[in-house]
Number of protein chains: 2
Amino acid sequence: MAEAVNIKRLAQELNISIATVSKALNDSYEISLKTKNRVWDLAKQLNYTPNPAASNLRSHKTKTIAVVIPCVANNFFSLAIKGIEEIARQYGYHVLIYQTHENIEAEVTFTNSLLSGRVDGILTSVSSSEYNSEYYANLVKKIPLVFFDRVYENLDAVRVTTDDYDIAYEATKHLIECGCTKIAHLYGLDNLPAGKARFAGYVDALKAHELDVNEQFVVKYHDDETKNLENIKALLAQQKPDALFSSIEEFIIPAYTACRALGLRIPFDVKMLSFSNLSTAPLLAPSLTTITQPAFEIGREAAKCLFKILNNKQLDDEQNIVLKSMLIKRESTGC
Amino acid sequence: MAEAVNIKRLAQELNISIATVSKALNDSYEISLKTKNRVWDLAKQLNYTPNPAASNLRSHKTKTIAVVIPCVANNFFSLAIKGIEEIARQYGYHVLIYQTHENIEAEVTFTNSLLSGRVDGILTSVSSSEYNSEYYANLVKKIPLVFFDRVYENLDAVRVTTDDYDIAYEATKHLIECGCTKIAHLYGLDNLPAGKARFAGYVDALKAHELDVNEQFVVKYHDDETKNLENIKALLAQQKPDALFSSIEEFIIPAYTACRALGLRIPFDVKMLSFSNLSTAPLLAPSLTTITQPAFEIGREAAKCLFKILNNKQLDDEQNIVLKSMLIKRESTGC
DNA sequence: CTGTTAGCGCCTTCAG
DNA sequence: CTGAAGGCGCTAACAG
């Protein structure tokens, strides 16, 4: 479709050799300024752009990274991608996106397909459906990889995460200080460190305030949306909690739907607090107290780490970068 | 990093020629089943994956498409990407993401860089900062390209859009039926067909109901967030509209902030209606009436069209696919 | 059915 | 300072 303008064509038009053109384009010290200028001018004039496949093949550098995540249509991940893309641009890299939809098979298929030299490195937030670190233990030996948010621990790879335990503790404490005594936990990511830490923060805050920690108050996330709705309804009907603390955004819809179905008014009958990266939440959703992760920053940090690795730069001491989340309170609605 | 397992290695181990291996891997009819099986088995055993750079170089197919959009951190675009990715997977394609941040220079730089054979085709939703169809008129001659949502018209390229005029008309009518008589329009995408159509639908609905169409009731979107806030505040203070109809999601924050600053209660003092693809809006934001575009479907349709083109299939008659948006009313809050 | 040969576009010795 | 030659891994024409 595009009229072939390559290094050979440039060489012909200028009556010099292909090698000279190549070197001139790469600003080699071996070439005279005069020749370089002739080459650069013609290249610009003919709108020459090097063929990436050819350079990849030769140099084994793709100038491309892959982002493997559960789903882009999620406030956290789309913001993270935004951050990743910003850094990638600075380095002149291209960004490939792969969505696993929490399917571990898809995850393995994608990452394997990336091992053939399609990308120079991978940024990933792993699927929550399983925790199989064996696969990743091998993977990190084969390709530069940085985990963000949903990570595998105890591997030789950089992780960028947030203060999940601390913020969950703080959030639970906040609910207690608002007068809640029967706080339920909507438990997501229970296979992953993030989910476990959030749950632990919740549990420890209850204990510290001498409130009962009761299994009946915990609903684990289920793939099946109707199940989630049912489980929350059952929780509300049987345990009558005065607050729901959700560790993932995906619980918001079933939680609200269940409350509405049972005629419970949020936040008056039941307070609602959830991890959520919805930027408009503070204005649009006055009934929802939120924990916001610095998703954009996480993306940026993760990308920066990857590029440091790709450029063989020393990583600053730590392999584990932890950023701070924010608890956004709603004084106006008593929470 | 990965130990070189290529076609040559397979050939050596099996004592057959490189060409035979290549053909076997591509399931050519020329090769006996027996040989194929030997090749496939060894390939699997050695975990062979073809080097994409090499095949691209040879075949001039990259199995990759690019998505060029203003920003991923946007409910519409992240859903569209989800749809695009789903279709791309079905065809075994990889997806590159480029964000323009509404910067026309970035847009041109990116798309130009894609012309060097990095991708087989492009899906794009163009920047709203300018309408310069000359560039795209040339571009569509050089590479398969499908526009979605934010399109250039009168070009030889497929467009996937929504019924902007109709839904804006319907939404405005709805506000009027709710008793509003002083409806302001927050005008976004004014350089693009989508924005113009939304505005036209608004204007025509007012006219049809014999309401004044007044320039003073229109606020155009501005890059500068503080300007938007000021302009909406001025609008509210001076014109005292009883409804704000926003043609883009980006106006929601300044609109709510302005109302709050002036002590106006939404939806009691001022009704609020906006184009928005926030899936949780119906539950979380009871004060906001929304127009939801089928973002996921748009992504899917656009991708399908592109793959039809890439496979030289006949496109069904039309070059312009129009999907329906949905007006989500809020009876409970009187709108 | 299998093998030989000749590149795709670029980069990189090495020789002039 | 410039050019000739070889090869990255794979595919496709053409012989056998």
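The figures that follow rest on heavy atoms only: side chains count, while hydrogens, waters and symmetry mates do not. Order of the sequence lines fixes the chain letters, A, B, ..., with proteins taken first and strands second; residue numbering starts at 1 for each chain.
Residues forming a side-chain contact (heavy atoms from CB on, under 4.5 Å) with B/Asp120 (at least two apart in sequence, or on another chain): B/Lys61, B/Thr62, B/Tyr93, B/Leu310. For the side-chain contact (heavy atoms from CB on, under 4.5 Å) test, residues two or more places apart in sequence or in another chain that qualify with B/Ser128 are B/Glu102, B/Arg150, B/Leu189, B/Leu192. Looking at residues two or more places apart in sequence or on another chain, you find no salt bridge (Lys or Arg N to Asp or Glu O under 4.0 Å) involving B/Glu153. For A/Thr35, the side-chain contact (heavy atoms from CB on, under 4.5 Å) partners are A/Ile16, A/Thr20, A/Ile31, A/Ser32, A/Val39, not counting sequence neighbours. Applying the side-chain hydrogen bond (donor to acceptor under 3.5 Å, both in side chains) rule to A/Arg38 yields no partners; only residues at least two apart in sequence or on another chain are considered. Under the rule for a side-chain contact (heavy atoms from CB on, under 4.5 Å), the partners of A/Asn311 that lie at least two apart in sequence or sit in another chain are A/Tyr91, A/Phe307, A/Lys313.
Between the side chain of B/Ser125 and the main chain of B/Phe148, a donor-acceptor pair closer than 3.5 Å is present. Here the side chain of A/Ser28 pairs no donor or acceptor atom with the backbone of A/Ala24 at under 3.5 angstrom.
Of all nucleotides in DNA chain C, those with any atom nearer than 4.0 Å to a heavy atom of chain A start and finish, going 5' to 3', at C/dG9 to C/dC14. Nucleotides of DNA chain D with any atom under 4.0 Å from a heavy atom of chain A span, from 5' to 3', D/dC1 to D/dG9.
At most 12 non-hydrogen atoms from other residues, nucleotides or ligands lie less than 6.0 angstrom from CD of B/Glu105.
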Pairs under 3.5 angstrom only: tabulate donor-acceptor contacts from the side chains of residues 293-306 of chain A to other protein residues two or more places apart or in another chain.
residue, atom, partner, partner atom, Å
A/Gln293, NE2, A/Asp149, OD1, 3.0
A/Gln293, NE2, A/Thr162, OG1, 3.0
A/Arg300, NH1, A/Glu86, OE2, 2.5

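Comparing the start and finish of the helix from C/dC1-D/dG16 to C/dG16-D/dC1, five pairs each, the helix axis swings through 40°, to the nearest 10 degrees.
For residues 28-86 of chain A, there are no ring pair (Phe, Tyr, Trp, His ring centres under 6.0 Å) pairs, not counting sequence neighbours.
Ring orientation note: the planes of B/His94 and A/Tyr98 are nearly perpendicular, at an angle over 60° on the 30°/60° scale.
A donor-acceptor pair shorter than 3.5 Å can be found between the side chains of B/Tyr136 and B/Glu107.
Residue-to-nucleotide proximity on DNA chain C shows that, of B/Thr35 and A/Lys23, the 5′-proximal contact is made by B/Thr35. Nearer to the 5' terminus of DNA chain C, by closest-nucleotide assignment, is the contact made by B/Glu30 (compared with the other of B/Glu30 and B/Ala54). Between A/Thr20 and B/Thr49, the one whose closest nucleotide on DNA chain D sits nearer the 5' end is A/Thr20.
Residue contacts shown for A/Asn56 are absent, as no nucleic acid heavy atom lies under 4.0 Å away. Counting any heavy atom pair closer than 4.0 Å across all strands shown, B/Ser22 reaches a base atom.
Residues from residues 11-18 of chain B that place a heavy atom under 4.0 Å from any atom of DNA chain C, listed by number: B/Ile16, B/Ser17.
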